[in-house]
Amino acid sequence: MGLGFLLASVFLACAVEAVEALTIVLAVGTTRGWRSTLQGVGAALGVLAVIVAALGPALTLIPIDALRLFVGGLLLVFGLQWLRKAILRASGWKDLHDEDAVYAREAESARLAEEGSRMRLVEDWYAFTLAFKGVLLEGLEVAFIVVTFGANQHDLPAAVLGAVLAVGVVAVAGILVRAPLARVPENTMKFAVGAMLTTFGVFWGAEGAGAHWPGTDAALPLILLVIIVFSLLAVGSLRRRRKSALLP
């Protein structure tokens, strides 16, 4: 896999998670205050840095075929889950993901919550915990993407760079607009990322099991194209079924 393809894959996947984490942080920060919220963000980033630093070198010690089989299976689990939801949303069987609605829901919960107890370093424990949890949970997926892609390609720095760029772009956009990034076509991004993760899962899983792809890495675009075509056919079929179900 080329460096550009690796960076693009990690960037897109991490950007989706960063948008979701940003929505939670903005909702808590604007309603509860920024000091405790940013403390929660910082604590979560510290935990994530430790996880990446610990898991990255450890994965490089696993034999490459076993690593590819393991990573391929995990990517298929994540990729097919994302792709399934994206297909259901695109076909109308599942509501589209709405960052404005998520922001409003998180902000309302923060307003209704009782004032957090003060501690020596944290003034609002509720804001700290909510921000920490949101960033940590979404960040764990970012860490998984970084570690698996980087270890499999023996280029962890490039994977980290892609993740840092994604988080940086989303964070800067959030600071500038101070609102959920609702205009970002997140559902389209999730469709693309789901297809890409599934592609890598098929490619690396098959290699780990002993298969050899014609043209090696050159087979990746073809696998991706096949998955996209079948996904679009599934969207069309589900749309027709939904339309027939709604007819009197």
Side-chain angles (χ1 to χ4, degrees), residues 7 10-56 78 82 95-150 156-157 159-187 189-190 193:
L7 284 173
V10 174
F11 181 90
L12 282 176
C14 294
V16 172
E17 305 300 336
V19 168
E20 296 183 358
L22 175 67
T23 300
I24 297 172
V25 171
L26 286 173
V28 177
T30 54
T31 54
R32 305 283 298 191
W34 287 102
R35 180 176 178 179
S36 298
T37 300
L38 293 178
Q39 287 175 329
V41 172
L45 292 177
V47 172
L48 291 170
V50 171
I51 291 174
V52 173
L55 292 183
F78 278 88
W82 281 27
D95 292 336
L96 293 176
H97 189 81
D98 187 348
E99 289 299 331
D100 280 333
V102 174
Y103 177 87
R105 184 168 61 250
E106 295 290 347
E108 183 64 18
S109 297
R111 289 192 192 96
L112 295 177
E114 296 181 359
E115 289 295 327
S117 57
R118 289 177 176 268
M119 299 180 65
R120 180 173 298 181
L121 297 177
V122 179
E123 293 184 350
D124 188 342
W125 187 249
Y126 179 86
F128 177 92
T129 303
L130 197 57
F132 177 85
K133 181 182 71 173
V135 173
L136 182 63
L137 291 179
E138 301 299 340
L140 283 174
E141 294 202 36
V142 171
F144 165 79
I145 293 166
V146 169
V147 170
T148 53
F149 273 67
L156 189 61
V160 171
L161 176 61
V164 169
L165 289 175
V167 173
V169 168
V170 172
V172 169
I175 292 172
L176 292 176
V177 302
R178 291 198 176 184
L181 300 180
R183 294 184 179 181
V184 175
E186 186 181 355
N187 293 296
M189 288 178 63
K190 285 187 174 180
V193 170

Cut-off 3.5 Å, no hydrogens considered: what does the side-chain donor-acceptor table look like for residues 129-136, sequence neighbours left out?
{"unit_1": "T129", "atom_1": "OG1", "unit_2": "W125", "atom_2": "O", "d": "2.8"}
{"unit_1": "T129", "atom_1": "OG1", "unit_2": "W125", "atom_2": "NE1", "d": "3.3"}

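- The heavy-atom pair separating V146 from C14 by the smallest distance is CG2-SG, 4.4 Å.
- L38 pairs by the side-chain contact (heavy atoms from CB on, under 4.5 Å) definition with W34, not counting sequence neighbours.
- Taking CD1 from I145 and CG from L140, the interatomic distance works out to 11.0 Å, rounded to the nearest 0.5 Å.
- Annotation for W82 and E17: closest pair CZ2-OE2, 2.6 Å, computed over non-hydrogen atoms.
- Residues passing the ring pair (Phe, Tyr, Trp, His ring centres under 6.0 Å) test with F144, sequence neighbours excluded: F78.
- Partner F11 forms a side chain to side chain contact (heavy atoms under 4.5 Å, CB included) with one of L165, V164, L161 and no other, that one being L165.
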